[in-house]
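Any value given below was found using the heavy atoms of this structure, including those in side chains, with hydrogens, waters and symmetry copies removed.
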Amino acid sequence: MATIESITYTLFDGLSDYVPNRKKKEYSDEFYSRKTFNTKFALKFFPKYIDFEKWSKNPKDPYDILLINYWMIEVPVIGLKYSNLLGSYTRGNRILNRRLKKKTNSPMKIRDKKKK
């Protein structure tokens with residue numbers, strides 16, 4: 001079961017691309033200065049740096065819409081709790097694997113069902 005802290009870290013990492021460049025240092029410093037994370041902190045912290053309305057219409061990566069929708073739709077209703085939408089983002093799929101491989105140049109293999 002996901003904790004509030006692990007969900008907050010997932011949001012921090014996943015949404016860091018959507019923070020304006022001039023605020024990235026402040027974003028990281030404020031986040032890492034915290035010792036504990038709770039829902040109250042997250043509800044103030046993320047909207048302070050990220051314009052969710054803007055990015056929900058045109059995300060940088062199509063797969064990130066899962067995380068943005070989780071924040072905009074589910075967090076106001078259920079709070080920072082694990083849900084199917086967040087699970088879809090964290091478990092990932094082929095799109096996420098390709099994105100991670102592209103960013104990290106890792107030797108991650110994507111398996112196809114077809115055998116050659």
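Contact detail for Ala42 and Pro47: the closest heavy-atom pair is O-CD, 3.8 Å.
Side-chain N or O atoms of Tyr27 include none that pairs as donor or acceptor with a backbone N or O of Pro20 at under 3.5 Å.
Placement of Ile68 and Val77 in two distinct hydrophobic clusters is found when ILVMFWY residues are connected by side-chain heavy-atom separations under 4.5 Å, directly or transitively. At a threshold of 4.5 Å between side-chain heavy atoms, the hydrophobic network of Ile, Leu, Val, Met, Phe, Trp and Tyr places Ile78 and Leu85 in two separate groups.
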Using a 3.5 Å cut-off and no angle test, enumerate the donor-acceptor pairs between side-chain atoms of residues 51-60 and protein atoms at least two apart in sequence or in another chain.
| unit_1 | atom_1 | unit_2 | atom_2 | d |
| --- | --- | --- | --- | --- |
| Ser56 | OG | Phe52 | O | 3.3 |
| Ser56 | OG | Glu53 | O | 2.9 |
| Lys60 | NZ | Asp17 | O | 2.5 |

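Remark: Lys81 pairs with no residue by the salt bridge (Lys or Arg N to Asp or Glu O under 4.0 Å) rule, at least two apart or across chains. Scanning for ring-ring contact (aromatic ring centres under 6.0 Å, His included) contacts around Phe46 gives Trp71, with sequence neighbours left out. Every side chain to side chain contact (heavy atoms under 4.5 Å, CB included) that Glu26 has, sequence neighbours left out, goes to Lys48, Tyr49. Residues satisfying the salt bridge (Lys or Arg N to Asp or Glu O under 4.0 Å) test with Lys25, not counting sequence neighbours, are Asp29.
Identified under the side chain to side chain donor-acceptor pair (under 3.5 Å) test for residues 35-44, with sequence neighbours left out: none.
Of the residues listed (Thr8, Asp13, Ile7), the one engaging Leu11 in a side chain to side chain contact (heavy atoms under 4.5 Å, CB included) is Ile7, and it is the only one.
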Stepwise side chain to side chain contact (heavy atoms under 4.5 Å, CB included) test for Leu66 and Leu86: CA-CA 7 Å; Leu66 293 171; Leu86 183 63; over 6 Å; no
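Atoms CZ and CZ, on Phe12 and Phe45 in that order, are 6.0 Å from each other to the nearest 0.5 Å.
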